[in-house]
Amino acid sequence: MTYTLTDLQHGKAEVRIVKVDRGSDDHVLHDLNVTTQLRGDFETAYTEGDNAHVHATDTQKNTVYALAREHGVTSPEDFLLTLAAHWRTQPWVSGTSLSAEQFSWLRLPTNGHSFVRSGQETRTALVETDGDATTVSAGLTDLVVLKSTGSEFHGFPRDRYTTLAETDDRILATSVTATWQYAGTPSSSGGGYDAAYDAARAAMLDAFAGTHSLALQQTIHAMGSAALDAVPEIARIHIQCPNKHHFLVDLAPFGLDNPGEVFFAADRPYGLIQATVAREAG
Ligand SMILES: O=c1[nH]c(=O)c2[nH]c(=O)[nH]c2[nH]1
């Protein structure tokens, strides 16, 4: 019996790299978790155990560290593009999928070389190549936000299984995961990928806070639209949000009222709402 073998890729997952820029007394940290995946003419390794074409995953890990030293690390997107350019020159490689998580650090005021981890969220980047074609995506995960009013949910259909009460004032809380694709390179004079990330993140937070929400769905649409408004190079954005339910605790058995002050923060199950917002073609 023969079977078809497809989707071959190999690489090193979660290469943790911390690059210190020592160009001035104010050091800069780039803290990344990089995953490499190469595609290409690697079939005989699977079918015959012939490794003649296999770029060892250990070599790929070393390449990440060496190119960080040779080319430096600026934005995660630019670093992944540097790696992609390297593997484009290597034999038997026809494409790559290179991803990174970036953890951010803030310099402490005491001196230029002490830091505190900042931001609970993780920045993400993905560079994919296929021959000469390159796509760059970016995003974030674990951006936890909450608003203590300015959120309603009503008007949904009721059937024999519906128990949820309608509400015109609830807590809205979520942990945003967003991924967006760039149609063009954000201009380096405008700050490049870093500034584009900051602008998209700020726009999404502003939309979360500023939208009087009638549904998390509406808030997601507003956040996606705000990111597209803020960064012209973003072609489309996918946003996924768990609805982190906060249930008002019934304090009546204790002779107490509860005018929207004491909540039970449930962790599961949770609603899971997602959508892609894209620019219209043409
Ligand atoms: O914003 C919401 N969207 C829903 O689809 C939903 N469903 C639900 O039970 N609560 C909520 N809240």
Side-chain angles (χ1 to χ4, degrees), residues 101 104 119-126 137-182 196-232 234-254 256-281:
E101 297 174 311
S104 59
Q120 190 203 10
E121 78 272 16
T122 302
R123 177 173 168 181
T124 57
L126 172 68
S137 308
L140 51 78
T141 188
D142 298 329
L143 181 66
V144 180
V145 286
L146 179 152
K147 57 197 296 183
S148 50
T149 189
S151 167
E152 311 183 24
F153 189 64
H154 44 74
F156 48 89
R158 306 198 76 85
D159 63 24
R160 57 191 285 241
Y161 299 119
T162 307
T163 58
L164 183 70
E166 305 209 337
T167 176
D168 60 6
D169 191 3
R170 66 172 182 174
I171 284 182
L172 183 64
T174 189
S175 174
V176 181
T177 297
T179 312
W180 55 87
Q181 274 92 51
Y182 287 108
Y197 175 84
D198 289 343
R201 178 185 181 280
M204 285 191 285
L205 288 177
D206 200 39
F208 175 81
T211 302
H212 183 98
S213 178
L214 300 177
L216 181 51
Q217 285 87 334
Q218 183 195 23
T219 298
I220 286 174
H221 184 218
M223 292 170 77
S225 303
L228 291 175
D229 287 346
V231 183
I234 296 179
R236 54 177 47 238
I237 178 168
H238 179 80
I239 299 180
Q240 174 179 303
C241 289
N243 190 357
K244 294 166 85 74
H245 304 298
H246 287 64
F247 298 113
L248 202 61
V249 179
D250 179 10
L251 299 177
F254 320 118
L256 297 168
D257 66 354
N258 189 0
E261 290 195 359
V262 180
F263 293 86
F264 163 60
D267 67 342
R268 65 191 68 174
Y270 48 87
L272 187 59
I273 320 282
Q274 42 189 324
T276 297
V277 188
R279 287 183 203 283
E280 290 198 12

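Order of listing sets the numbers, starting from 1, for every ligand and every atom in it. Quick caveat: nothing in here was measured; it's all calculated off a predicted structure.
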Say you draw a straight line from CG of Asp142 to CD of Glu121; how long is it, rounded to the nearest 0.5 Å?
9.0 Å
Any idea which protein heavy atom is nearest atom 4 (C) of ligand 1, and the distance to it?
Phe153 CZ, 3.4 Å
Enumerated ligand 1 atoms positioned under 4.0 Å from heavy atoms of Leu216:
1 (O), 2 (C)
Among the heavy atoms of Arg170, does any lie under 4.0 Å from an atom of ligand 1?
yes
Mutual orientation of the aromatic rings belonging to Phe156 and Phe153 [parallel < 30°, tilted 30-60°, perpendicular > 60°]
parallel
Give me the nearest non-hydrogen protein atom to atom 3 (N) of ligand 1 as residue plus atom name, then the distance to 0.1 Å.
Gln217 OE1, 2.9 Å
Compute the shortest N/O to N/O distance between His245 and ligand 1 and return yes if it is under 3.5 Å, no if not.
no
Could you establish whether Ala215 and ligand 1 come within less than 4.0 Å of each other, counting only heavy atoms on the residue side?
yes
What one should report as the nearest heavy-atom pair of Ala207 and Ala226 is CB-CB, 3.8 Å
For the aromatic rings, using the six-membered ring if either is Trp, is the centroid distance between His245 and Phe247 under 6.0 Å?
yes
Tell me whether Thr162 contacts the main-chain N or O of Asp159 through its side chain, where contact means a donor paired with an acceptor under 3.5 Å.
yes
Is it the case that the side chain of Gln240 and the backbone of Leu272 share a donor-acceptor pair, with hydrogens and angles ignored and the cut-off at 3.5 Å?
no
Of all the non-hydrogen atoms in the protein, which one sits nearest to atom 9 (O) of ligand 1, and at what distance?
Leu164 CD2, 3.5 Å
